[in-house]
Trainee: 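Got a structure for you, written out below as structure tokens; questions coming shortly.
Just the heavy atoms: all of them, side chains too, but no hydrogens, waters or symmetry mates, feed the values below. Throughout, a chain's letter reflects where its sequence line sits, starting with A, and its residues are numbered from 1.
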Number of protein chains: 2
Amino acid sequence: MSKSLPSTSRSLPIALIRAREGVMYPIRKMLSETGITEQQWRVLRVLIEFGRMDTKTLADRSSLLFPSLTRIVATLREKGLVTQTRDDKDRRRQFIEITPEGQRIIDERTSQAADIVTSFKKTLGEDDYEALLDLLARLDPGAQD
Amino acid sequence: MSKSLPSTSRSLPIALIRAREGVMYPIRKMLSETGITEQQWRVLRVLIEFGRMDTKTLADRSSLLFPSLTRIVATLREKGLVTQTRDDKDRRRQFIEITPEGQRIIDERTSQAADIVTSFKKTLGEDDYEALLDLLARLDPGAQD
DNA sequence: TAGCAATAGTTAACATGTTAAGGGAATGGT
DNA sequence: ACCATTCCCTTAACATGTTAACTATTGCTA
């Protein structure tokens, strides 16, 4: 008979937004000094972690929708942070690769970003931090449990 | 010496996005039949739960930034789902109130939305579901622990 | 091999997120 | 009364989220 909704203060979607807001605050503060956005940072990090890849894979690994990624890659290319080359075997596909300049931007802030991660681990405690990541993964349809 | 970043697959911001994506998928599907967006739904729900209130309070309770709320309220007003009246005592302030038509839209979908909530509780289990909400609240700077 | 479906990616249109600036109204101190 | 400050809200500008339509290329298949 659960025909009523929970109070908005116990709503899962809202809780996810608010948590994200809290987590992103120091990260956005850090990124504001770099001139790149949170999503651009994410794309560059994925490119560093996995290397050159096609747009579809990049969208998937960055958790970005295709149209968003199209725009973001265009911006990054204009900034000289990535290169975009067409696949000769399948001319529909494009390969994206990070440039040394892109590498540099991430490298310069990696230590600072790691400190932010550490501070959240301290806030929750190592165990709760890992437990949270596991719980979140169980809500992700893309994750293979 | 933790100077390196976690793999993007264990990144807290990314995990929050992906979990949110998973949670929102069925909700967006449900909302697509109503003609209102997720944020508009959230605003209407807050108005039902707490009643008439000023814009600032509404923004806070809806977890929306002021500029976003300005646009959303304008849209809802045009749709006839809320009314906006100026405070006579302090003419800077505006009061927002839901209309019967707005009420109706939420009422018609409340049972459906409750089912979605139930399905996520079942996915995680009641205990883990509550644990997740508590963990998320600890990341929310606005929540008073 | 002509035709049709599937795939990779872009473009369009509208709503929201985010930061900064602006505008009108109350407030506090002088 | 005067003025700076603060407050509530709006507007602007740019980036992203989201869905749908579209282009180009490839693959399948009758």
Side-chain angles (χ1 to χ4, degrees), chain A residues 13-14 16-18 20-43 53-60 62-79 81-82 84-96, chain B residues 13-14 16-18 20-43 53-60 62-79 81-82 84-96:
Chain A
I14 293 181
L16 287 167
I17 288 180
R18 290 191 173 145
R20 185 170 157 65
E21 189 182 322
V23 169
M24 288 315 300
Y25 181 78
I27 296 178
R28 263 200 294 274
K29 203 168 140 196
M30 181 267 284
L31 285 178
S32 70
E33 304 168 359
T34 70
I36 67 175
T37 67
E38 174 212 335
Q39 288 82 355
Q40 290 166 15
W41 168 272
R42 209 155 76 218
V43 166
M53 73 191 75
D54 65 292
T55 308
K56 186 187 181 65
T57 307
L58 181 54
D60 204 49
S62 308
S63 287
L64 291 168
L65 294 177
F66 235 109
S68 296
L69 188 59
T70 293
R71 289 176 301 213
I72 291 168
V73 167
T75 304
L76 289 174
R77 197 183 44 216
E78 287 162 15
K79 290 186 177 186
L81 306 185
V82 303
Q84 193 173 24
T85 56
R86 192 165 291 279
D87 182 359
D88 285 331
K89 296 183 177 54
D90 183 342
R91 297 197 359 229
R92 291 170 302 186
R93 296 211 298 166
Q94 311 236 118
F95 284 110
I96 316 295
Chain B
I14 292 181
L16 287 166
I17 288 180
R18 291 189 173 150
R20 184 170 157 65
E21 189 182 322
V23 169
M24 288 316 298
Y25 181 78
I27 297 179
R28 262 199 295 274
K29 203 168 138 196
M30 181 266 285
L31 286 178
S32 69
E33 305 167 359
T34 70
I36 67 175
T37 67
E38 175 210 333
Q39 288 82 356
Q40 292 165 13
W41 168 273
R42 209 156 75 218
V43 166
M53 73 191 76
D54 65 292
T55 309
K56 186 188 180 66
T57 308
L58 181 55
D60 205 47
S62 309
S63 287
L64 290 169
L65 295 177
F66 235 109
S68 295
L69 188 59
T70 292
R71 289 176 301 212
I72 291 168
V73 167
T75 303
L76 289 174
R77 198 183 44 215
E78 287 162 14
K79 291 186 177 186
L81 307 184
V82 303
Q84 193 173 24
T85 55
R86 193 164 290 280
D87 182 1
D88 285 331
K89 295 185 176 54
D90 182 343
R91 298 201 353 233
R92 291 169 303 184
R93 297 211 299 168
Q94 311 237 118
F95 283 111
I96 317 295

Trainee: Of all the choices, D:dT25, D:dC8, C:dT16, which nucleotide is nearest to the side chain of B:Lys56 once you look at every atom?
Mentor: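 When the side chain of B:Lys56 is considered, D:dC8 is the closest of D:dT25, D:dC8, C:dT16.
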
Trainee: Could you check A:Arg92 against B:Ser68 and say which one's nearest nucleotide on DNA chain C is further toward the 5' end?
Mentor: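 Its nucleotide being nearer the 5' end, the pick is A:Arg92.
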
Trainee: Nearest to the A:Arg28 side chain among D:dA15, C:dT19, C:dT16, which nucleotide is it?
Mentor: C:dT19

Trainee: Report the residue from A:Arg86, A:Gln94, A:Arg92, A:Arg93 that forms a side chain to side chain donor-acceptor pair (under 3.5 Å) with A:Asp90.
Mentor: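 Output: one option passes, namely A:Arg92.
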
Trainee: Check whether any side-chain N or O of B:Arg71 sits under 4.0 Å from OP1 or OP2 of C:dA15, and answer yes or no.
Mentor: no

Trainee: With a non-hydrogen cut-off below 4.0 angstrom, is B:Thr70 in contact with a base, only sugar-phosphate, or nothing?
Mentor: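 Base: the residue B:Thr70, judged by heavy atoms under 4.0 Å, touches a nucleobase.
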
Trainee: Select one nucleotide: of D:dA12, D:dG17, C:dA8, the one nearest the side-chain heavy atoms of B:Pro67.
Mentor: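 Of D:dA12, D:dG17, C:dA8, D:dA12 is nearest to the side chain of B:Pro67.
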
Trainee: Go through D:dT18, D:dT10, C:dA8 for me and flag the one nearest to the A:Phe66 side chain.
Mentor: C:dA8

Trainee: Are A:Met24 and A:Ile27 packed together at the side-chain level, in the sense that at least one heavy-atom pair is separated by less than 4.5 angstrom?
Mentor: yes

Trainee: Under 4.0 Å between a side-chain N/O of B:Thr37 and OP1 or OP2 of C:dT16, yes or no?
Mentor: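 For B:Thr37, the contact criterion (side-chain N or O under 4.0 Å from OP1 or OP2 of C:dT16) is met.
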
Trainee: Taking any heavy-atom pair under 4.0 Å as a contact, classify B:Glu38: base, sugar-phosphate, or nothing.
Mentor: nothing

Trainee: If you pin A:Thr75 and B:Thr57 to their nearest nucleotides in DNA chain D, which one's is more 5'?
Mentor: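 By nearest-heavy-atom nucleotide position, the 5'-most residue is B:Thr57.
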
Trainee: Which heavy atom in A:Thr55 sits nearest to a heavy atom in A:Leu69, and how many Å separate them?
Mentor: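 Distance-wise, the nearest heavy atoms are O-CD2, 3.4 Å.
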
Trainee: Determine the minimum heavy-atom distance between A:Gly22 and A:Pro26, stating which atoms define it.
Mentor: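 The pair with the smallest heavy-atom distance is O-CD, 3.4 Å.
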
Trainee: For the residue pair B:Ile17 and A:Glu38, establish whether any side-chain heavy-atom pair is separated by less than 4.5 Å.
Mentor: yes

Trainee: Is there a side-chain polar atom (N or O) of B:Gln39 under 4.0 Å from OP1 or OP2 of D:dG17?
Mentor: no

Trainee: CG of B:Leu81 versus P of C:dA15: gap in Å, rounded?
Mentor: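 Roughly 14 Å, once rounded to whole Å.
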
Trainee: For the side chain of B:Gln40, counting heavy atoms from C-beta on, which of C:dA8, C:dT10, C:dT16 is nearest?
Mentor: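 Selected nucleotide: C:dT16.
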
Trainee: Please tell me which of A:Leu65 and A:Lys89 maps to the more 5' nucleotide of DNA chain D, matching each residue to the nucleotide holding its nearest heavy atom.
Mentor: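 Its nearest nucleotide being more 5', the pick is A:Leu65.
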
Trainee: Would you mind classifying the nucleic acid contact of A:Leu69 as base, sugar-phosphate or nothing, using non-hydrogen atoms under 4.0 angstrom?
Mentor: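 Since no nucleic acid heavy atom lies under 4.0 Å of A:Leu69, the category is nothing.
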
Trainee: Using whole Å, what does the distance between atom P of nucleotide C:dA6 and atom CZ of A:Arg91 come to?
Mentor: 23 Å

Trainee: Find the distance B:Arg93:CZ to C:dT27:C1' and express it as a whole number of Å.
Mentor: 15 Å

Trainee: Is there a side-chain contact between B:Thr55 and the phosphate of D:dC9, meaning an N or O under 4.0 Å from OP1 or OP2?
Mentor: yes

Trainee: Rounding to a whole Å, what distance do you find between B:Arg18:CZ and D:dG17:P?
Mentor: 13 Å

